Structures are given as structure tokens and as C-alpha cells.
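Worksheet: the structure to be examined is printed underneath.
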Amino acid sequence: MSDFARTTVTAALIYANGPIHIGHLAGCYLPADIYVRYLRLKKQEVIFVSGTDEHGVPITIKAQKEGKTPQQVVDHYYKEIKSSFEEFGISFDIYGRTSDPAHHKMSQDFFLKLYQDGKFIEEVTEQYYDEAADQFLADRYITGDCPKCQQPGAYGDQCEKCGSALSPTELINPKSTLSGASPILKETKNWFLPLDQWQGELEKYVNSHPEWKSNVSGQVKSWLQDGLRPRAMTRDLSWGVPIPLPDTEGKVLYVWFDAPIGYVSMTSQLTPDWEKWWKAEDSRIVHFIGKDNIVFHCLIFPAMCMAHGGYQLADQVPANEFMNLEGDKISTSRNWAVWLHEYLKEFPGKQDVLRYALTASSPETKDADFTWADFQTKNNSELVAILGNFVNRAFVLIDKNFEGIVPEKAAGTGLEADVIAALAEIPAKLDQALATYKFRDALVYAMEIARIGNKYLADAEPWKIIKEDRDKAGTVLNYAVQLVAHASLALEPFIPFTAARLRTALGLADADWSAIGNFELIPAGQKLANPGLLFEKLEDDVIQAQVDKLKATKAQMELASKQVAPIKETIDFDSFAKMDMRIGQITAAEKVEKSKKLLKLTVNDGLKDRTILSGIAEHVEPEAIIGKQVTFLANLAPRKIMGQESEGMILMAEDADGSLAFVQPSKSVWNGASIS
RNA sequence: GGCGGGGUAGCUCAGAUGGUUAGAGCGUUGGAUUCAUAACCCAAAGGUCGGCAGUUCGAUUCUGCUCCCCGCUACCA
């Protein structure tokens with residue numbers, strides 16, 4: 001790693017269809033920023049590149065929903081995202097966007113080179129096309145009956161009822177989810193990158209990086225083991241980078257084709273010297289991403305680069321897992337998130353508190369959970385009590401006893417050697433942790449300096465010594481100031497706003513990693529400017545307000561989901577009369593093996609016992625329902641489900657929360673009672 | 001369904017190529033202290049390391065099965 005002359009750091013491109021939330025920050029932006037700041041402290045050559053991804057279906061959906069054009073949507077969010085990142089101290093060298101003409105040009109050139117070099121496979125396939133919406137339909141936008149289990153509501157890629165993987169053309173009675181119309185099959189030509197041809201080289205590449213995190217190499221190797229297949233690099237969509245070939249109207253580049261090129265095109269906006277950062281052999285590329293982006297950065301983009309030639313491949317891809325919020329998955333569409341722009345407004349000047357809290361429980365090895373209670377604890381018990389308190393003690397003691405001027409070192413208390421020794425261990429540990437992307441550990445090492453400081457003050461008791469020996473007390477405070485200075489350096493990557501305040505207070509012009517260990521960093525006689533309290537305690541009511549806000553969101557979302565479905569189309573009496581609904585009694589119930597949802601019920605219908613399979617296993621205990629009377633449809637055509645014959649269907653009422661309840665007679669009736 | 005990651009103290013998480021008392025921070029309890037934002041400092045309590053079985057002299061660490069959470073599953077990105 002020391003062979004590299006410079007480092008190109010990227011953080012994932014985010015969709016410009018919503019604001020930034022803490023999941024994004026913890027997932028890649030904060031770790032990337034910490035890493036970049038660390039490299040800068042070490043005076044290494046580095047650039048930090050990111051931006052918004054402004055293409056793809058989610059953007060068009062958002063635009064449709066808001067009655068805007070896609071361009072209006074991305075313009076709005078680009079601005080908002082960029083400014084909240086800036087305010088939060090994410091120190092990008094360039095924050096670009098993929099709708100930029102320079103980006104279009106570069107990704108088109110990239111595509112064209114692959115095309116001209118014959119790296120693509122052209123393939124004409126039949127895809128479902130929604131004539132009403134005038135567009136081809138991605139798998140997710142088609143539903144129909146599952147060809148395997150016959151149940152309705154299967155998606156184009158998968159039936160969630162029986163779990164089968166499907167392709168859209170297999171669906172029975174397909175419908176577009178956009179317009180509800182029946183889609184037609186239409187021929188379309190797309191360009192595929194034959195990933196299978198790069199399998200060998202990709203394996204070599206992946207195997208040359210045994211240091212990758214287990215979640216990264218695990219997923220990548222799993223794909224390689226399954227065998228790679230050609231992947232379409234173009235899409236039938238109107239919003240995106242147009243394909244630079246004749247007669248390709250209505251087709252654009254696959255967003256995952258142009259997005260990673262975005263890193264490069266954005267670099268070209270930063271410096272005319274951009275090629276050095278992506279092509280020079282002594283340039284190291286590091287992609288910070290979330291776990292959902294692993295294959296695109298570790299397989300597909302590398303394959304594109306191999307096909308193109310000339311580009312360096314990523315040296316590290318430190319993917320984080322996900323950050324949950326109060327026990328639930330963060331979700332933009334469900335509004336379950338702590339939004340950065342709201343945080344910045346509601347907690348002005350407290351960027352570092354959030355940076356600290358998110359780093360301290362960063363999802364480095366597994367999903368993590370952000371709770372407001374934890375946020376409060378981290379602020380009150382660590383930032384205020386450990387760091388803020390130590391700094392305040394040092395400044396107040398010097399202000400009171402030495403008029404704010406750093407005293408000379410004289411004979412010490414005998415504890416100084418221990419302090420120096422304790423501090424001496426920190427830089428190497430810190431360096432090691434940061435260099436290996438273990439930011440959680442690194443933060444603990446950096447905070448250790450303040451702990452050392454607190455202990456030193458408690459043991460040395462300069463407030464007592466001063467009464468007899470002013471020089472000795474001065475010595476202690478001199479050391480304390482040096483420790484504050486060290487904290488300001490070691491904590492710079494994590495809490496840069498606080499670090500800068502400290503440097504100003506100390507009169508330390510420059511932040512330089514190599515100064516760690518230097519106990520003459522702040523010269524005696526230096527006039528200090530007490531920065532005041534670095535952090536303030538967060539009271540319960542402030543935290544409670546945030547929790548309440550989330551609870552209100554949740555309640556609102558539940559309310560929204562409680563919307564009663566509209567009445568279906570009118571039917572005549574005969575259609576109704578055809579249904580033979582009856583009351584029967586459950587005499588036996590057991591789980592169907594290898595099925596999550598299915599229960600095998602034996603129902604006494606007054607004539608005989610019949611077997612009915614019902615997808616209610618997640619809602620009821622088999623033992624608990626034996627003996628219950630239920631309503632069932634008796635003349636439904638028998639159907640095989642998971643190899644077993646089901647004779648009828650149990651009627652269930654679905655509650656707003658998705659739970660199911662039996663439809664039962666209000667008093668016990670005889671089995672076989674018909675319903676009319 | 002297949003594949004990948006994870007399940008370790010009340011909470012958030014480390015760790016062990018298998019080996020004497022499994023770690024940290026926070027929280028809790030007790031003590032000490034008052035320069036400091038009722039903060040700091042010291043100490044203690046607290047874990048059958050998801051469950052079952054196997055390999056082994058010995059497993060929380062290896063193997064198999066199983067349960068739970070998360071992700072991916074290739075034209076959703």
C-alpha cells in the first residue's frame with residue numbers, strides 16, 4: 001500500500017430522488033470522509049470524489065409522483081444534498097452529478113469504445129411493453145398469476161407466495177403496475193457485456209485481494225462461483241444517458257454502466273489532470289459504498305474497466321452494512337429516517353455529535369442500530385463528560401491560575417513519564433486502525449487521549465499543588481495543554497469542527513499527524529483563547545422530542561396504510577350465487593414442511609373432512625385453532641399447492657397491520673351451514 | 001428456494017490459526033474527590049459466546065444440522 005503515490009477515494013453516488021439520511025452517512029460518506037481527512041493529516045496526496053446519480057427509474061417515478069420533470073427533481077435534490085453534505089463537513093474535493101454534459105460525454109465515449117472494440121453482444125429480445133404508459137416494463141412493474149402456484153400477485157421476477165424465481169414472460173395474465181393495462185410483447189435490441197468472458201480475470205483480481213472485508217469477498221465470490229452471465233448495459237427508458245449509436249431512440253445506458261464512470265467524469269471536472277487518478281499505476285482507488293453496491297463495484301465496473309483497458313482497478317472496497325433506526329430498517333419511502341437537513345436545522349452547530357455517534361456505532365461488520373437514547377448517551381457520557389470536560393478543566397485551570405498563558409515546564413510530579421508512555425502507544429494503534437478502515441476502533445483510540453488527560457489531572461491534582469508549588473502545577477498544566485493539542489489532531493478526522501475550534505484556541509495553525517508525540521507542540525508563554533464549552537448536555541426533553549417525531553411518523557404511515565381498498569367492479573347475482581360458502585370446523589392443523597406461510601388444515605364440512613391449505617402460518621398457531629369454526633369457499637376448484645391437494649379456501653379478514661383473522665359465525669352453528 | 005454476512009455482558013460492539021479467570025465503551029452498584037458541564041478518578045457486580053449433535057484430552061472458536069436478523073438473487077437499482 002505504501003507503493004502508491006496517491007489515493008483516489010470515492011463515496012457512492014446517491015440517487016437524487018430524496019434527501020440524505022443517517023443511513024447514507026454511516027454507510028459510506030462518514031467513513032470515507034474520516035479516511036480522507038486522515039490521509040490529508042498525513043500529508044498524502046488524495047482526492048475525494050462523489051456526487052448524485054441522476055438517472056434510473058426511481059427518479060422518473062419520483063417526478064411522476066410530484067408532477068415534475070425528472071430534471072426538476074434532480075436539480076432540487078442535487079442542491080439540497082450538496083449543501084447538507086457541505087454543512088456536515090463531508091470534505092469532498094468535488095461533488096458532481098451524472099446529468100452533467102461532461103458526464104454524458106465521458107460515459108458515451110466509454111460505451112462507444114467498448115462498442116467499437118466489439119466488447120458487447122447485441123441481442124434482440126421480447127420484452128413486455130405498456131402501450132398506455134408508452135414504455136418497456138422492468139420486472140418489478142409487472143404482476144400476474146404465478147405459473148407455479150397459480151396465486152395472483154406474483155412479480156415479474158419472483159412470486160412471493162411460493163418463492164419461485166420467475167421471468168416476466170412466464171406470468172399468467174400479466175398486468176402493468178403503471179397503468180393496469182395488459183402489456184404487449186415487443187422486440188427490443190440491447191447491448192450486453194459478456195461478464196462470463198471476464199470471469200477468469202475477475203477471479204484473479206478478487207483473489208489478489210484477500211484483505212477485503214468478509215462481507216465484500218463473500219458476496220463477490222458467491223457470484224463468481226455461480227458463474228457470471230452477460231448483463232445488459234442498456235435499457236429501454238427515456239431518462240438517462242442516450243446511447244451514442246444511430247437508431248437508438250428511447251434507449252439509454254444502464255445506470256450502473258454510467259454511474260461508476262461518474263466517479264471519473266467528476267474527477268475530470270475537478271482537475272484537467274484527472275487521468276492520473278484513474279489510470280496511473282501508482283494511484284490507489286478506494287470505493288466507499290454500502291453493502292447493496294458490492295457487486296457493481298467489485299465485478300461489473302472492474303469488468304467494464306478491463307474491457308475498456310487503461311483503467312486501474314479498485315484496491316479496496318470497504319463496504320459497510322446498514323444502519324437501522326430505532327430497530328427498524330431506514331426507509332425513504334416510509335419516511336423512517338433521521339434526515340440530515342432536518343438534523344442540521346434542529347441541532348445547529350452539533351455536526352460533530354452526530355458524526356461521533358454514527359462513527360461510534362458504525363455498521364462496519366454487521367447492521368447497526370441508531371437510537372436517540374444512544375445518541376444522547378454518546379453526547380452526554382463521552383463527548384461532554386470525557387472530552388469536553390477534560391478540555392474545559394485544562395483551560396479553566398490555566399485561566400484561573402496563569403492568566404491563560406501556557407506555563408513553563410519545570411520539575412514534574414513523576415506522573416509525566418506514564419502520560420508520555422501511554423500517549424506513545426496511541427499513534428501506531430490509531431494509524432493501524434484507520435489504515436485498515438476500522439473507524440470505530442480508531443475513534444476509541446483517539447478518545448483515549450482525553451481519558452489519559454482526565455486521569456492525569458485527577459492523579460496530579462494541580463489545584464492542590466498550586467498552593468505550595470506553583471512551578472510544579474504549571475508543569476502539570478503544560479502537559480495537560482499538550483494533551484489537548486494531541487486530542488485536536490487525533491480527533492480531526494472524526495469531529496473536525498471541534499478539532500478546528502481547539503486548534504484556534506491553542507494557536508495551532510496547522511494540523512499535522514506527525515506532531516503527535518511532540519510534547520513541545522504548544523510553546524510555553526503561548527496565550528490561549530478559551531473556546532468555552534465544546535459540547536453541551538442534551539436534556540431528556542430534546543431527545544424525547546425526536547423520539548416523538550419518529551413515533552408520529554410511524555403512526556402517520558400506519559394510518560396511510562389503513563386506507564380501505566376501493567370496491568371492486570359490480571357483479572350480478574348469479575356470479576355471487578355460484579359461490580358456495582359454508583361454515584366448517586377445523587379438526588386438525590399442521591405446518592406444511594418447507595413452507596413459511598402454509599398451514600395444512602383439516603376441515604369438517606358436515607359431510608366429510610376435507611383438506612384445505614391456507615397461507616396463514618405466520619398469523620396463527622396450529623394448535624390454537626383446532627376446534628374453531630371458520631368460513632370457507634366449498635366449491636373452489638381443487639388445486640395442488642406444494643404437492644398437496646387443497647379443497648377450498650378459508651376466508652380471512654385482513655387487518656390494517658396485515659394480520660389475519662378468521663371470519664366466524666357469531667354463535668356456534670352446525671358444521672356445513674351454508675352462507676347466503 | 002439458492003447464495004453471502006451476522007447472532008458474544010442490560011445496551012452498542014471487539015475477539016479467539018481450539019487451551020489456564022472471554023474483552024471495551026456506555027449503563028448499574030459501591031468508594032474516593034471537588035479544578036471541571038452532579039462531570040472526572042478507583043473498584044465491583046454482570047455472559048451455559050443463538051440451539052442441538054459431532055470431531056477432540058479440551059470448542060464459544062472447527063464440522064454438520066437447525067432457529068432468528070440483514071443483504072443479494074443477474075432486464076429493480
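A note on names: the letters A, B, ... follow the listed sequences, proteins ahead of strands, and every chain is numbered from 1. This structure is a prediction, so every number in the text was calculated from the model and none was measured.
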Looking only at side-chain atoms of W223(A), point me to the closest of G4(B), C35(B), C72(B). C72(B)
Salt bridge flag under 4.0 Å for residues K329(A) and D367(A): no
Between G50(B) and C11(B), how far is it from one P atom to the other, in whole Å? 14 Å
Side chains of L202(A) and M306(A): closer than 4.5 Å at any heavy-atom pair? yes
Rounded to whole angstroms, how far apart are CG on L387(A) and C1' on C26(B)? 16 Å
Between K366(A) and E321(A), does any side-chain N to carboxylate O distance fall below 4.0 Å? no
Are the charged groups of K189(A) and E122(A) less than 4.0 angstrom apart, N to O? yes
For U56(B) versus C62(B), give the span between their C1' atoms, rounded off to a whole number of Å. 10 Å
Taking the minimum atom-to-atom distance to the side chain of Q219(A), which one of G4(B), G25(B), A39(B) wins? G4(B)
Which residues, if any, of residues 371-381 of chain A bring a heavy atom under 4.0 Å of RNA chain B? T377(A), S381(A)
Between C26(B), U34(B), G71(B), spot the one nearest the side chain of I386(A), thanks. C26(B)
Give me the distance, rounded to whole Å, that separates C69(B) from A32(B) when you measure between the P atoms they each carry. 49 Å
Which whole number of Å gives the distance between the P atom of U61(B) and that of C52(B)? 12 Å
For T125(A) and E123(A), does a side-chain donor sit closer than 3.5 Å to a side-chain acceptor? no
Considering only heavy atoms and no angle criterion, is a donor-acceptor pair shorter than 3.5 Å present between the side chain of R440(A) and the base of C13(B)? no
From the list C13(B), C75(B), U34(B), which nucleotide is the closest neighbour of the side chain of Q127(A)? C75(B)
Are F375(A) and F347(A) an aromatic pair, judged by ring center distance below 6.0 Å? yes
A16(B) and G46(B), which share atom name P, separated by this distance in whole Å: 26 Å
Taking C49(B) as the reference, what is the distance to U60(B) when you measure between their P atoms (whole Å, please)? 7 Å
I need the CG-C1' distance between L443(A) and C13(B), as an integer number of Å. 13 Å
Given the P atoms of U8(B) and C75(B), what is the spacing between them in whole Å? 36 Å
Which nucleotide, C41(B), C35(B), U37(B), lies nearest any side-chain atom of K400(A)? C35(B)
Just verifying a value: how many Å separate L193(A) CG and L228(A) CG, rounded to the nearest 0.5 Å? 10.0 Å
According to the interplanar angle, ranging from 0 to 90°, do the rings of F288(A) and F439(A) count as parallel (below 30°), tilted (30 to 60°) or perpendicular (above 60°)? tilted
Rounded to whole angstroms, how far apart are CD1 on I452(A) and P on C41(B)? 12 Å
Walking RNA chain B from its 5' end, the first of A360(A) and L397(A) to be reached, judged by nearest nucleotide, is A360(A)
What distance, rounded to whole Å, do you find between the two P atoms, one in A9(B) and one in G23(B)? 14 Å
What is the separation between atom CZ on F257(A) and atom C1' on C75(B), rounded to the nearest whole Å? 16 Å
Taking for each residue the nucleotide of RNA chain B bearing the nearest heavy atom, is the 5' side occupied by D441(A) or by P462(A)? D441(A)
Whole-Å gap separating C1' (C41(B)) and CG (N389(A)): 11 Å
Residue N190(A), side-chain heavy atoms: nucleotide from C75(B), C40(B), G4(B) that is nearest: C75(B)
